[in-house]
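Numbering starts at 1 and runs along the sequence shown. Both counts, for ligands and for their atoms, begin at 1 and track the order of listing.
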Amino acid sequence: MNILGWVIASTIALLLAVPAAAQSTLETVKKRGQLICGVDGTLPGFSLFNAVKEWEGLDVDLCRAVAAAVLGDATKVKFVSVSASDRFDRLAAGDFDVLARNSTVTLQRSAGKKVRFAVVNYIDGQTFVVPKKLKIEQLANLSGSTVCLAKGTTHEFNLKAWFGARRLSITPISLDTAEAMYGAFYASRCAAVTADSTALAAAIVRSGRAAEYRMLPEVISKEPLGPYVRDGDSPWLDVVRWTHYAMLEAEDRGISAKNIDALKRELNDPILRVLLGVDPGNGKALGLSEEWIYNIIKQVGNYGDIYEKNVGQGSPLKFARGINALASKGGQMYALPLR
Ligand SMILES: N[C@@H](CCC(=O)N[C@@H](CS)C(=O)NCC(=O)O)C(=O)O
């Protein structure tokens, strides 16, 4: 065998011996030309297939922003509804590229598991709703009662922990879906219903019977919600994480869809130059075009825009920014440096 033949033969042997590295979801999404996003689908404010057959919500817009960052087109997303119980298994199995389903970040959902949280995009907490006619004013008054909740959520552990720590008794009634949970509650099968505060408020408003119910004042848990990706795929985790931070940073700097073109022409601010990709680096580091932030903001908006439109003053929910305000405004939303 001559030298060339030997080189070719040994290269082939080497290629066969080394298993192909698993392709990053980033490459898969680019090749497919579409992002597949696992969402709830029935949750006003977060992910809802609405009456005019369009997807809307904060989680939906996060997915659109990822599509804008990766594909330059926020419309190239397919949304898949997924239940609370099998969301992480379906993500691990590859049914979708990112899970954006009001999913709480907890240690045991990530560490040692096949999925990883990418970032926190909304801070929530678990609360309770009761019929006003029961005259229950505070959570401890529910002692000895039943509480409806949804299976596969963080809520059963939190519920038992809160009552257990106070040596109070409580009986959880665990239903398969949110629909079954509210159905059971409206049919008076339980004294209270518990969920993430915002989901609960949205569902009660949507029932059209909000006047009959009261939300109790206690918030019993931290529910930092955020997108999850598969473990072992850091390029993809980075894309999802920095997409959220890009929207936060844009809000902090007053960059919106309306003024971004004008700002792009003002090239004297070095930070803006890096953010908007005039000076390259951020895009290359992520495996994206340098226009990625421009595309997110131009096509989807900054975090404040998507917050107000979906859950804030521009929505039926009218939630104040509260803890979800920017850190620079007293809240807890803080973008790590995009440079
Ligand atoms: N954030 C919690 C709860 C997420 C969840 O799936 N909540 C359900 C039921 S509590 C939900 O919001 N479903 C939609 C709805 O309530 O309409 C978790 O990650 O476990």
Does ligand 1 have a heavy atom under 4.0 Å from the side chain of Ala203, from its backbone, from both, or from neither? neither
State, without any angle test, whether Tyr213 and Arg209 hold a side-chain donor-acceptor pair at a distance under 3.5 Å. yes
Under 3.5 Å, is there a donor-acceptor pair linking the side chains of Gln126 and Thr154? no
Heavy-atom gap [X] to ligand 1 smaller than 4.0 Å:
| X | answer |
| --- | --- |
| Gln126 | no |
| Ser103 | yes |
| Arg87 | yes |
| Phe46 | no |

Solution key, residues 323-339 side-chain donor-acceptor pairs under 3.5 Å, sequence neighbours excluded:
unit_1: Asn324; atom_1: OD1; unit_2: Ile123; atom_2: N; d: 2.7
unit_1: Asn324; atom_1: ND2; unit_2: Ile123; atom_2: O; d: 3.0
unit_1: Ser328; atom_1: OG; unit_2: Asp252; atom_2: OD1; d: 2.7

Kindly assign one of parallel, tilted or perpendicular to the pair Tyr186 and Tyr182, based on the angle between their ring planes and the thresholds 30° and 60°. parallel
How far is atom 17 (O) of ligand 1 from its nearest protein heavy atom, and which residue and atom is that? Leu43 CD1, 3.6 Å
Of the listed options (Phe157, Phe88, Tyr182, Tyr122), which comes nearest to atom 16 (O) of ligand 1 when hydrogens are ignored and any heavy atom counts? Tyr182
Can Arg253 and Glu249 be counted as an ion pair, charged N to O under 4.0 angstrom? yes
Salt bridge (charged side-chain N to carboxylate O under 4.0 Å, His left out) pairs touching residues 285-299, sequence neighbours excluded, are Asp261-Lys298, Lys264-Glu291
